[in-house]
S.K.: 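Can you read through this structure? Questions will come right after.
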Amino acid sequence: MGYEAYEFYHEELDNYLVPEEHLEKLPNPLLFETLAYVDGNGNEWIAGFVRDEETGEKLYEIWIKNGEPIAYEIYV
């Protein structure tokens with residue numbers, strides 16, 4: 001399992017990760033955290049989260065399997 005965190009301005013993010021209608025509700029810049037895992041069948045899973053930098057509250061979540069988004073949720 002791997003973990004990374006990056007700060008992005010909205011114009012740096014692809015709509016593949018955060019659809020435009022969600023992006024406009026999120027802070028600019030935003031902190032995007034990812035967890036990556038490869039399971040026993042060779043599937044690569046990535047969970048991405050945007051959190052409020054002051055409170056730690058989860059604002060957005062996306063799940064990616066083998067490079068394809070499969071689920072997302074916006075909490076704001």
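Note that these values count all heavy atoms, side chains included, but never hydrogens, waters or copies made by symmetry.
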S.K.: Distance-only, no hydrogens or angles: does the D39 side chain make a donor-acceptor pair with backbone N or O of G42 under 3.5 Å?
M.R.: yes

S.K.: Using a 4.5 Å cut-off on heavy atoms from C-beta on, say whether the side chain of F8 contacts that of V50.
M.R.: no

S.K.: Do Y75 and E73 meet the criterion of a side-chain donor-acceptor pair at a distance under 3.5 Å?
M.R.: no

S.K.: Taking all atoms of both residues into account, what is the closest heavy-atom pair of H10 and P27, and its distance?
M.R.: NE2-O, 2.8 Å

S.K.: Could you tell me whether a side-chain N or O of N66 sits under 3.5 Å from a main-chain N or O of E44, the two making a donor and an acceptor?
M.R.: yes

S.K.: Should Y60 and W63 be counted in the same cluster of Ile, Leu, Val, Met, Phe, Trp and Tyr side chains packed under 4.5 Å apart?
M.R.: no

S.K.: Would you mind checking if E68 and K65 are paired as a salt bridge, meaning a charged N to carboxylate O distance below 4.0 Å?
M.R.: no

S.K.: Identify the two heavy atoms, one from L31 and one from A5, that lie closest to each other, and give their separation to 0.1 Å.
M.R.: CD1-CB, 4.2 Å

S.K.: Are R51 and E57 close enough, and set up right, to give a salt bridge (Lys or Arg N to Asp or Glu O under 4.0 Å), and what steps lead you there?
M.R.: CA-CA 5 Å; R51 295 190 180 274; E57 176 185 7; over 6 Å; no

S.K.: Take atom CD in E11; do more than 12 heavy atoms of anything else shown fall under 6.0 Å from it?
M.R.: yes

S.K.: With rounding to the nearest 0.5 angstrom, report the CG to CG distance, L13 to L30.
M.R.: 5.5 Å

S.K.: Do you know the tightest heavy-atom contact between I62 and L17?
M.R.: CD1-O, 3.2 Å

S.K.: Can you get from F49 to L26 by hopping between Ile, Leu, Val, Met, Phe, Trp and Tyr side chains that sit under 4.5 Å apart?
M.R.: no

S.K.: Is any side-chain heavy atom of W45 closer than 4.5 Å to one of N43?
M.R.: yes

S.K.: Has N15 got a side-chain atom pairing as donor or acceptor with P19's backbone, closer than 3.5 angstrom?
M.R.: no

S.K.: Between L35 and F32, is there shared hydrophobic-cluster membership here, with clusters defined by ILVMFWY side-chain heavy atoms closer than 4.5 Å?
M.R.: no

S.K.: What's the spacing between E33 CD and E7 CD if we round to 0.5 Å?
M.R.: 12.0 Å

S.K.: Is Y3 atom OH crowded by more than 12 heavy atoms from other residues, nucleotides or ligands, each under 6.0 Å away?
M.R.: yes

S.K.: If hydrophobic clusters are built by linking Ile, Leu, Val, Met, Phe, Trp and Tyr wherever their side-chain heavy atoms come under 4.5 Å apart, do Y37 and I46 end up in the same one?
M.R.: no

